[in-house]
J.: 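Handing you this structure, nothing more for now.
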Amino acid sequence: MIVDILSLFPDYFQGPFSVSMLRRAQEKGLLEIRHRDIRDFSDDPKHQRVDDRPFGGGPGMLLKAGPVVRAIRSVRGPQSHVIYLSPQGKPLTAAFAGEIAKREHLVLLCGHYEGVDERALQLEVDEEVSIGDYVLTSGCAAAVVLVDVVARFVPGVIGHPDAVEEDSFQKGRFDAPHFTRPEVFEGLGVPPVLLTGNHAEIRKWREQEACKKTARVRPELYRNVGEL
Ligand code: 4FN
């Protein structure tokens, strides 16, 4: 899978994409992440400005349509799927990420300032995706989350193929609590069933604990288990 990220801060991504599994996925050639600086597509060679004031007034600035459209066109091919990370987008879920992961080439547009001129979206964006209902300073953090979530569906990125299916949210509910050595930590023990070696009982206990916690903390998720 190839991912092109269009933003004003290509450096922002160097940390998250250069460690751990996403780094290994790139080294193995399973994932290629490339960056474009929208500023390079400015129509203002002197100051490289890419923002302007909103028509109709209001606070803040907008990313101009021209630089955004040119940045997208510089990377898009016939197989590209262009996503604008946006608070107005369709909510990202495990199931939705699995659909996105079927694409060979993703182009991720990160918003800055108050957002992007609507005409750029109309002309070049295939889909708007949101990572959740909160205010961000830019769409860059959302792009990191999307790449992380989607990369796990790319065959070979996760060591164990089983782990993708096994992972709690793919199943639509929380994990059971986990414990490792030592057996007693600061006076706290481990649920005795985990020390019995009885795998049927352990599976039953984990299912119960996971269901109890999901129902308590995320009742809407609990009700949706059957739908996933
Ligand atoms: N955010 C809301 C309503 C209105 C604006 C915002 C907001 C970054 C460029 C967008 C935010 C959240 C999830 C991108 C939020 C996301 C963004 C995302 C994002 C700068 C304009 C902005 C949702 C609280 C009602 C700033 C809520 N997923 N504006 O955050 O890019 O992808």
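These values consider heavy atoms only, across backbone and side chains, with no hydrogens, waters or symmetry-generated copies. Computed from a predicted structure; not experimentally measured. Whatever order the structure lists them in is the order used to number ligands and atoms, beginning at 1.
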J.: Applying side chain to side chain contact (heavy atoms under 4.5 Å, CB included) between Ile38 and each of Leu6, Val116, Ile72, report the one that passes.
T.: Leu6
J.: Applying the salt bridge (charged side-chain N to carboxylate O under 4.0 Å, His left out) criterion to Glu209, which one of Arg206, Lys212, Lys213 satisfies it?
T.: Lys212
J.: Could you please spell out the steps behind the side chain to side chain contact (heavy atoms under 4.5 Å, CB included) verdict for Val75 and Ser80?
T.: CA-CA 8 Å; Val75 294; Ser80 308; over 6 Å; no
J.: List, pair by pair, the atoms of ligand 1 and of the protein that are both N or O and lie under 3.5 Å apart, giving the separation rounded to 0.1 Å.
T.:
unit_1	atom_1	unit_2	atom_2	d
ligand 1	28 (N)	Ile131	N	3.0
ligand 1	30 (O)	Leu136	N	3.0
ligand 1	32 (O)	Ser86	N	3.1

J.: Mind checking what makes ring pair (Phe, Tyr, Trp, His ring centres under 6.0 Å) contact with His105, not counting sequence neighbours?
T.: none
J.: Hey, does His112 have a side-chain heavy atom less than 4.5 Å from the side chain of Ser7?
T.: yes
J.: Is there side-chain contact between Ser42 and Lys64, with at least one heavy-atom pair below 4.5 Å?
T.: no
